[in-house]
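Encoded as structure tokens, the structure appears first; notes follow it.
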Amino acid sequence: MIVTEGYGASYALNPKYREELSKILNTNIVFVEYRYFLESTPQPKDW
């Protein structure tokens, strides 16, 4: 299962977090987060 997230998916870092559909189908989850928000911001920010 793939989940796209608009700004930040830091909640998905919790190892106990599961999407409802992944529980029902017993699947793995892949989270895709847009760059330049929260943990996806590169260091240094060389704009």
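- For L25, the side-chain contact (heavy atoms from CB on, under 4.5 Å) partners are L21, T27, not counting sequence neighbours.
- Here N26 pairs with R18 under the side-chain contact (heavy atoms from CB on, under 4.5 Å) rule; sequence neighbours left out.
- Other residues, nucleotides and ligands contribute only 12 or fewer heavy atoms inside 6.0 Å of the CG atom of N28.
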